[in-house]
Amino acid sequence: MADRPEPMLSVEEAQDRLLEAVGSPLPVEDVPLAQALDRALAEPIRSAVDLPPWDNSSMDGFAVHAADVAGATATAPIRLRVVGDVRAGGSPHVDVPPGCAVRIATGAPMPPSADAVVPVETTIVAEEGADSAIGEAARVEPARVEPAPAGSTRALGFRALEPLPDACLVTAAVEPGAFIRRRGEDVRAGMLLLEPHRRVGPAQIALAAAVGVDSLRVHRRPVAGVLSTGDELRLAGQELGESGIPDANRPGLLAMCSDAGARAADLGIAGDSLESILRALRPAIEGSDLLIVSGGVSLGPYDIVRTAFEALGQVELWRVAIQPGKPFAFGRSSPRDGDGRRVLLFGLPGNPVSALVTFELFVRPALQRLSGLPAPTARVDRAVTEGRLEKAAGRRGYLRVTVVRDGYGSPIRDPQGRLRVRVAGHQGSHVLSAMAVADALAIVPEAVERLEPGAEVEIRWLRA
Ligand code: AMP
Ligand code: MG
């Protein structure tokens with residue numbers, strides 16, 4: 001550990017160093033589909049089956065021979081005798097003789113003897129005994145055709161639930177193969193469906209289920225221990241006395257960890273003494289992948305977090321050129337007994353806004369790497385500032401801003417797609433009330449000291 005702090009790092013330099021130190025993701029485990037949401041796939045998913053598993057109808061309608069209805073039009077419909085019914089989940093082994101049709105539901109297996117589906121929307125159910133030609137394809141005189149109910153596909157769709165009609169009048173021709181979803185059209189057996197490192201979302205869960213997969217191999221979720229330090233800190237509800245303050249960082253950082261997909265472990269509050277901090281951290285090394293300590297990390301007389309980290313492994317004190325947020329400490333424990341893993345150690349600034357912002361910029365990427373997820377695509381957007389934005393030169397500013405919204409609470413965008421932002425209140429790094437109403441952080445480049453109203457600025461959404 002150098003006596004003097006190192007020169008200031010840019011945000012990107014700090015993030016790169018950090019990810020290099022984090023190294024590879026956590027080990028893998030197999031979890032039931034329902035628990036895989038937001039985890040990272042650890043191995044490719046291949047399908048063992050075809051999807052759809054068999055040819056099936058894409059419409060409610062009638063399975064037919066396309067040749068039988070080749071000339072059908074609304075004014076010259078063709079009558080087919082209805083000789084059976086195939087439901088979704090039913091048997092496809094229903095014979096469709098020439099000149100006949102079988103009623104079929106969406107998703108029902110295609111009878112092998114038919115070669116097309118006529119959607120119910122282009123049919124009219126023929127009244128019983130309305131035509132003597134039942135049994136074979138027959139032209140029907142236009143005068144004898146009742147008009148289809150005006151445009152109501154819903155009413156037509158319900159026919160599938162009604163008693164089987166004797167016959168149907170087909171009012172439009174179909175090509176062979178029409179409205180049939182072929183076996184394997186979506187997925188072929190052996191096909192690579194999803195690659196490792198992909199975040200599992202609802203669509204991936206649905207796909208896995210669709211090909212009969214009920215568990216996924218994913219990376220383990222990181223376990224993050226969160227400790228607050230400071231003699232002034234009190235638990236919620238405790239008497240504050242003349243110099244106490246409620247501990248805000250621990251609840252906030254525990255929530256940040258859960259939000260970032262980690263399992264958060266509450267390590268409580270430690271006082272400003274090495275013994276007190278080590279008493280909380282030592283036992284936590286065993287079951288954690290990273291430990292997050294807030295407070296006691298700057299160069300003041302009581303900043304003993306660095307010393308505590310040194311007792312557990314190695315630590316570097318980083319001064320990152322950001323506002324708010326410098327400095328913070330990053331370290332790694334000595335290899336742990338048992339699995340030899342090093343636990344990541346984060347010492348975040350005590351000021352609550354700085355703690356939350358440094359978590360977002362540095363701890364979240366580390367958690368994602370441990371989880372096997374790709375580098376986060378920050379939710380950035382372009383905006384125009386309504387008021388003046390000011391900050392110190394030489395450091396990148398992450399200013400708390402609110403996004404201007406319409407009467408329904410939706411963000412307003414100008415014709416170029418840019419949002420409008422306003423400062424969310426006082427920008428001090430202790431001002432939680434501004435952080436809590438902020439929608440986003442406005443990112444003001446290092447060299448810029450002030451942005452005048454109307455200036456364009458990049459923003460990073462805090463939560464979607
Ligand atoms: P430190 O980083 O320990 O020097 O703390 C900087 C400022 O943040 C001080 O005003 C602390 O009282 C405050 N602070 C530190 N930890 C917390 C916490 N857990 N909750 C609220 N304020 C805190
Ligand atoms: Mg302190």
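Just the heavy atoms: all of them, side chains too, but no hydrogens, waters or symmetry mates, feed the values below. By convention here, the first residue in the shown sequence is residue 1. Computed from a prediction, not measured in an experiment: that's the story for all the values here. We count ligands from 1, going down the list as the structure has it; atoms in each ligand are counted the same way.
Looking from atom 20 (N) of ligand 1 to the surrounding protein, the closest heavy atom is Ala248 N, 3.0 Å. Of all protein heavy atoms, the one lying nearest to atom 4 (O) of ligand 1 is Ser298 OG, 4.1 Å. Distance from atom 5 (O) of ligand 1 to its nearest protein heavy atom, with residue and atom name: Gly350 CA, 3.7 Å. Residue, atom and distance of the protein heavy atom nearest to atom 9 (C) of ligand 1 are Glu232 OE2, 4.2 Å. Nearest protein heavy-atom neighbour of atom 22 (N) of ligand 1: Ile245 CD1, 3.4 Å.
For the residues Pro349, Ser354, Gly296, the heavy atom positioned nearest atom 3 (O) of ligand 1 is part of Gly296. In this comparison of Leu227, Asp231, Asn249, the heavy atom closest to atom 18 (C) of ligand 1 sits on Asn249.
The Asp247 neighbourhood of ligand 1 comprises atoms 18 (C), 19 (N), 20 (N), with distances under 4.0 Å to a heavy atom of that residue.
In this structure, Leu348 CG and Leu253 CG are separated by 6.0 Å, a value rounded to the nearest 0.5 Å. From Arg369, atom CZ reaches atom CG of Leu19 across 4.5 Å, with rounding to the nearest 0.5 Å. Remark: Ile180 CD1 to Arg182 CZ distance equals 4.5 Å, nearest 0.5 Å.
When non-hydrogen atoms are compared, ligand 1 lies under 4.0 Å from neither the backbone nor the side chain of His430. Contact annotation: for Ile269 versus ligand 1, there are no heavy atoms closer than 4.0 Å.
Counted within 6.0 Å of CZ on Arg198, heavy atoms from surrounding residues, nucleotides or ligands total 12 or fewer; the atom is thus considered open.
Judged purely by atom type and a 3.5 angstrom limit, Ser371 has no side-chain atom pairing as donor or acceptor with the backbone of Leu373.
Using modelled atom types and a 3.5 Å distance limit, the side chains of Trp461 and Asp439 yield no donor-acceptor pair.
By the 3.5 Å distance cut-off applied to N or O atoms, Asn351 is counted among the residues near ligand 1.
Between Phe362 and Phe346, the distance separating the two ring centers is not shorter than 6.0 angstrom.
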